[in-house]
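In what follows, a single structure is set out as structure tokens and then discussed.
Both counts, for ligands and for their atoms, begin at 1 and track the order of listing. None of the values given here were measured: they were computed from a predicted structure.
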Amino acid sequence: MSKIMRYSRDYKKKDTIITVKNVKIGGKFFAIAAGPCAVENRDQYFETAIAVKKSGANLIRGSAYKPRTSPYSFQGLGQEALTIIRDLGEELKIPTITEVMDPRDVKTTSQHADILQVGARNMQNFELLKELAKINNPIILKRGMSATIEEWLNSAEYLMTEGNENIILCERGIRTFETITRNTLDLSIIPLIKMRTHLPIIVDPSHATGNRELITPACKAAIASNSDGLIIEVHQNPEVAMSDGPQSLDIAQFSELINQIKPILEVERKIITGTTLNLSEIRHQISCVDEDIIDLLATRMSLVPSLIEFKRENQIPIYQPEREKEILTKYANLAQKYTLNPALVQKIFDLIITEMRELQKKERV
Ligand SMILES: O=C(O)C(=O)C[C@]1(C(=O)O)C=C[C@@H](O)C=C1
């Protein structure tokens, strides 16, 4: 018998929702990560992070260690950058993302940043993956530039072997014959990934296209393809960026991108947590939640005909006081777990159960 993989829908039906600080990722919760490719110095990182947060980003990216094709390119500030990242995360109270490349850096990096990223080049660096499996931070796993879905998901499994379910997949373009873009953004895998796994998947249009002109259309397509988030390179002055300048947006361009994608996110009923929203955005999010509540209520009520049939055949009374008492006690406890008022939850369920009872009486005749 083949083993049920932890990443698979057979292992877990419901979408995984990751909570980091006050941000949720997965299900209906959409993530917008932005920031510079690399932390170049304190001022540059802080300035960019403050600006993108104000525009609507709910996660800040920025590398301390840079995997570069050429050994002569800027390799990152290392530990100095980790300290800057930790300070920013604490000051702005926003989750930070940074890449880790060496198994020996995993522990320290996990103490300085909230989310750790495995880059495309390291997707099958199994020693790194095994070390990362030991920590509990959420991990972004980028797709290797020539990795199949099977290989990618197997790498996710490595990260999950010790129980961490907070894994975020990231499509960042694959290598094809076409060289006009840096890579080829493969959005077709998003619905496929959603069928195969409960893990969230975000899209990196910056590395996929390598061209800032292509980022906005790629983001729009990624949202329409049901991705769970975006990770975008932003630099306060891309012309002087020490890495990835041509694919980085400046702050005004990022702000314009957010203006363009917000209506699409609304249509797709996505919720962005951890950012300042205006009243109409908050009301939109409330409506999304209310619609879900109504949908779930209808599902509960749809069980009435089965209840009637079973009770009639087995001559069981409609009213089951013991069961009602059991439910109300259980939900009052559950309410406490979610820091909800238990009396409110009991009141709501009292109404729902009464309705279920009445419907059984009405529909029985
Ligand atoms: O569990 C049952 O027997 C039901 O009919 C369902 C239900 C409920 O809504 O949860 C409704 C009426 C009963 O008194 C107990 C519970």
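When all heavy atoms are compared, the tightest approach of Gly62 to Val39 is C-CG2, 4.0 Å.
A salt bridge links Arg269 with Glu291: at least one charged nitrogen is closer than 4.0 Å to a carboxylate oxygen.
A distance of 7.5 Å separates CD1 of Ile272 from CD of Glu281, quoted to the nearest 0.5 Å.
Listed by chain and residue number, the protein contacts of ligand 1 are Arg300, Leu307, Lys311, Ile318, Tyr319, Gln320, Arg323, Glu324, Ile327, Ile353, Met356, Gln360 (heavy atom within 4.0 angstrom).
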When you look at Glu355 and Arg300, which way does the salt bridge (Lys or Arg N to Asp or Glu O under 4.0 Å) test go after all the steps?
CA-CA 11 Å; Glu355 178 71 12; Arg300 198 182 199 277; over 6 Å; no
Take Arg143 and Asp204, measure what salt bridge (Lys or Arg N to Asp or Glu O under 4.0 Å) needs, and give me the verdict at the end.
CA-CA 10 Å; Arg143 181 185 186 182; Asp204 174 351; over 6 Å; no
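Arg6 meets the salt bridge (charged side-chain N to carboxylate O under 4.0 Å, His left out) test with no other residue; sequence neighbours excluded.
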